[in-house]
Protein chains: 2
Amino acid sequence: MSKLDNKNAQPDSSCLIEKLSQFIDLSGVDKDLLATLEKSSQQFDRHEQVWGVDTQLENMYVVKQGWLITYTILQDGRRQVLELHYPGDVIGSSDIPFRHATSNLMAVEPCVLCPFPKSAIDVIFRESPRLTALIFTLAMIDKSINLDRIRILGRMSARERLAHILLEIHSRLSLTGGVSENQYRLPLSQFDLGDAVGLTNVSVSNGLTHLEEDGLISRSKGMVELKNIDRLTKLSDYINRYHEVDISWFPDAST
Amino acid sequence: MSKLDNKNAQPDSSCLIEKLSQFIDLSGVDKDLLATLEKSSQQFDRHEQVWGVDTQLENMYVVKQGWLITYTILQDGRRQVLELHYPGDVIGSSDIPFRHATSNLMAVEPCVLCPFPKSAIDVIFRESPRLTALIFTLAMIDKSINLDRIRILGRMSARERLAHILLEIHSRLSLTGGVSENQYRLPLSQFDLGDAVGLTNVSVSNGLTHLEEDGLISRSKGMVELKNIDRLTKLSDYINRYHEVDISWFPDAST
DNA sequence: CGGTAAGTTGATCGAGTTCAAACTTTGTGG
DNA sequence: CCACAAAGTTTGAACTCGATCAACTTACCG
C-alpha cells in the first residue's frame with residue numbers, strides 16, 4: 001500500500017525498546033528479542049495512508065514522530081475517526097486476530113514509524129511473559145478509551161464531548177512529555193476532531209468557541225491550553241485511565 | 001459486592017475448558033492448567049450487579065447461562081450500555097490492567113457464571129503461549145466490536161443503529177447455537193437496547209416498528225427474526241467480525 | 001500576492017428527545 | 001385460573017440540539 005520503502009532511514013537504536021522501556025524495566029533477553037524484530041524506520045507524508053481496510057497486514061508500527069488516526073468511511077462517504085495515535089504508541093495490535101485490517105490508518109502530519117512484523121507477536125508470546133503482559137496491557141488501555149468514547153458518543157452533548165476529548169489528549173500527551181503548563185500542540189483540524197466525536201466541523205467550531213468564552217480553554221496557533229481542568233473534568237465526567245493502571249501483577253523479568 | 005456465595009453449585013466439569021475448546025484444541029497441559037484455576041459456579045438474579053465501578057476485581061467470569069451487560073452511569077443518571085455478554089463469553093479481561101473495575105456488570109436475566117481469579121492471567125501468560133494467544137484474540141475481537149459501535153454511534157441514524165445491533169447479536173449468538181432460522185431470543189428491554197445504541201426507548205420502539213413494517217424483521221414474545229439479512233446488512237453497513245478471525249498464527253499446542 | 005484549506009458566523013431545518021397517556025404483556029398471590 | 005400490579009411497549013404532540021447550507025474571514029504556502 002505504501003510506496004515509501006525508499007525513504008528508509010538509519011537502523012536506529014530500537015524504537016520498540018525505547019518505547020516499551022518507558023513502562024517497565026526490560027531484561028537483556030527481552031531487549032535482544034525486541035531488537036531482532038524491528039525493521040528500519042519509515043517516513044510518511046501528511047495525509048498519507050499507512051494501511052487501508054482490507055490491506056493484509058504484515059507489520060505493526062511504533063510511532064516515533066507525528067500523529068496518526070484510524071478511521072472508517074461509511075457508504076455515503078462520511079467518516080468516523082476511531083482512534084488517535086501519538087508518538088510512543090504501538091499501532092496494530094487490535095488487528096492481529098484478523099485476516100485484514102479493520103480500519104484505515106492515516107498520518108495527519110508528517111510521521112516517522114518503526115515497523116515490526118506482525119508475526120513478532122507470536123514470538124513474544126512464546127518467549128517473554130513480561131512483554132506479553134505489557135502488550136496486552138497497552139491494548140486493554142486502548143480498549144478502555146474506546147469504551148469511554150462509546151460513552152460520550154452515546155449520551156453526551158457537543159460541549160461535553162469536546163471537553164472530554166481535549167482531556168483525553170491531554171492525559172495521553174502528558175505521558176510522553178508533550179504537555180507543558182497544560183498546553184499542547186493539536187495538529188488535528190476541526191473536521192478531524194468532529195469526526196472523532198460524532199460532530200460536524202461547524203459544531204466543533206461553535207463548541208470550542210463556547211468553551212473558550214467560558215474560560216475553560218484558550219487557543220492560538222495550533223496550540224490548546226486547558227485553563228480549568230477541574231471544570232472541564234466535571235463537565236465531561238472525565239476519568240484519566242492511565243492513573244489507574246496497575247502493573248504489579250506482571251511476570252518477573254527473565255534475567 | 002455480591003452476597004451470593006451461598007448459591008455455589010456443583011464443582012462442574014470446567015466451564016473454562018468447555019468454552020475455550022470451542023475455539024481451539026487444548027492440550028492436556030492446558031486443560032490441567034485451566035482446571036486448577038476455576039472455582040465453582042455462581043448464580044445471579046435478574047438485575048443483580050456482579051461488580052460495580054470501583055469494585056476491586058478479584059475474579060473474571062465465564063458466562064455459563066444468561067445475558068449480562070456492562071454499563072456506566074452519567075452524572076445526570078443516564079445510562080450507557082457498553083457491552084453485551086452472552087453464554088460462552090469471558091468477561092473481565094479488559095479490566096485486568098486496572099486497579100478497579102471501569103464499568104458496572106449486571107445480569108439482565110438469571111445467570112450462571114463461573115469465576116476464576118484475575119491472577120490466573122499471569123499464570124496463563126507464563127505457562128501457555130497458546131492460551132495467551134486465545135485470550136488475547138478474544139479481547140481483540142471485543143475491541144473491534146467496540147470500534148464498530150463507535151462508528152454507528154458517531155455517524156448513523158436510529159434505524160441503521162438498530163439494524164446493526166440486531167445483526168451483531170445475531171452473529172454472536174450464531175457462534176454458540178443461539179440462533180435457528182435467523183430467529184433468536186432477545187431478553188433486552190427497549191431501554192437496554194436504546195442505552196446500547198444511544199437512543200431513547202421511544203426511538204427504539206419507533207425504529208423497530210418501522211423495520212418490521214418494512215419486512216426486515218419480525219417480533220413476537222421476546223423473539224426476533226431477521227427476515228432479510230441482506231437488506232439489514234446493506235442498511236447498516238454491517239461486517240461480521242467473527243468471519244474474519246485468523247488463528248493460524250497461534251503457537252502450537254504444548255503437548 | 002494569489003490561491004486554497006481551515007475556521008467562523010448566521011439562518012433554517014429535521015431527526016430524535018421529552019413528556020404524557022394509553023395500551024399490552026408478564027408474573028404473582030388469592 | 002383469574003385479578004391485579006408491575007413492567008414494558010406504543011403512540012401522539014411539542015420542542016431542541018446539532019446538522020445543513022451558505023457566506024464570509026483568516027491562515028498558510030508556493
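Reminder, nothing fancy here: chain letters follow the sequence lines and each chain counts from 1.
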Starting at atom CG of B:Asp45, determine the distance to atom C1' of C:dG27, rounded to an integer number of angstrom.
15 Å
Map A:Leu188 and A:Arg155 onto DNA chain C by nearest heavy atom, then report which one ends up closer to the 5' terminus.
A:Leu188
Checking all strands, does A:Val202 fall into the base, sugar-phosphate, or nothing category for heavy-atom contacts under 4.0 angstrom?
base
Give a yes/no on whether any side-chain N or O of A:Arg161 is located under 4.0 angstrom from OP1 or OP2 of D:dC17.
no
Quickly work out the B:Arg78 CZ to C:dG16 C1' distance and round it to whole Å.
11 Å
Donor-acceptor contact below 3.5 Å, side chain B:Thr70 vs main chain B:Glu83:
yes
Could you give the CG-to-P distance, from A:Leu208 to D:dG18, as a whole number of Å?
13 Å
Rounded to the nearest Å, what distance is computed from the CG atom of residue A:Asp195 to the P atom of nucleotide D:dG18?
16 Å
Side chain of B:Asn104, backbone of B:Val53: donor and acceptor closer than 3.5 Å?
yes
I want to check one thing: is the phosphate of D:dT10, taken as OP1 and OP2, less than 4.0 Å away from some side-chain N or O of B:Ser205?
yes
For D:dG18 and A:Thr200 - does any side-chain N or O of the residue sit under 4.0 Å from the phosphate oxygens OP1/OP2?
no
Provide, to the nearest angstrom, the distance between the CG atom belonging to A:Leu199 and the P atom belonging to C:dG7.
14 Å
Atom NZ of B:Lys221 and atom C1' of C:dT26: how far apart are they, to the nearest Å?
8 Å
Provide, to the nearest angstrom, the distance between the CG atom belonging to B:Leu211 and the P atom belonging to D:dT10.
12 Å
Mind checking if A:Ser189 touches a base, just sugar-phosphate, or nothing, with heavy atoms under 4.0 Å?
sugar-phosphate
Are A:Ser171 and A:Glu168 close enough that a side-chain donor and a side-chain acceptor fall under 3.5 Å?
no
Do any side-chain nitrogens or oxygens of B:Arg219 fall under 4.0 Å of OP1 or OP2 in D:dT10?
yes
With a 4.0 Å limit, can you tell me whether A:Gln190 has a side-chain N or O closer than that to the phosphate oxygens OP1/OP2 of C:dT8?
yes
Rounded to whole Å, how long is the line connecting atom CG of B:Asp192 with atom P of D:dA7?
14 Å
Are side-chain N/O atoms of B:Ser157 and B:Glu160 paired as donor and acceptor at under 3.5 Å?
yes
A:His47 atom NE2, over 12 foreign heavy atoms within 6.0 Å:
yes
First encountered from the 5' end of DNA chain D, between A:Gly198 and B:Asn201:
B:Asn201
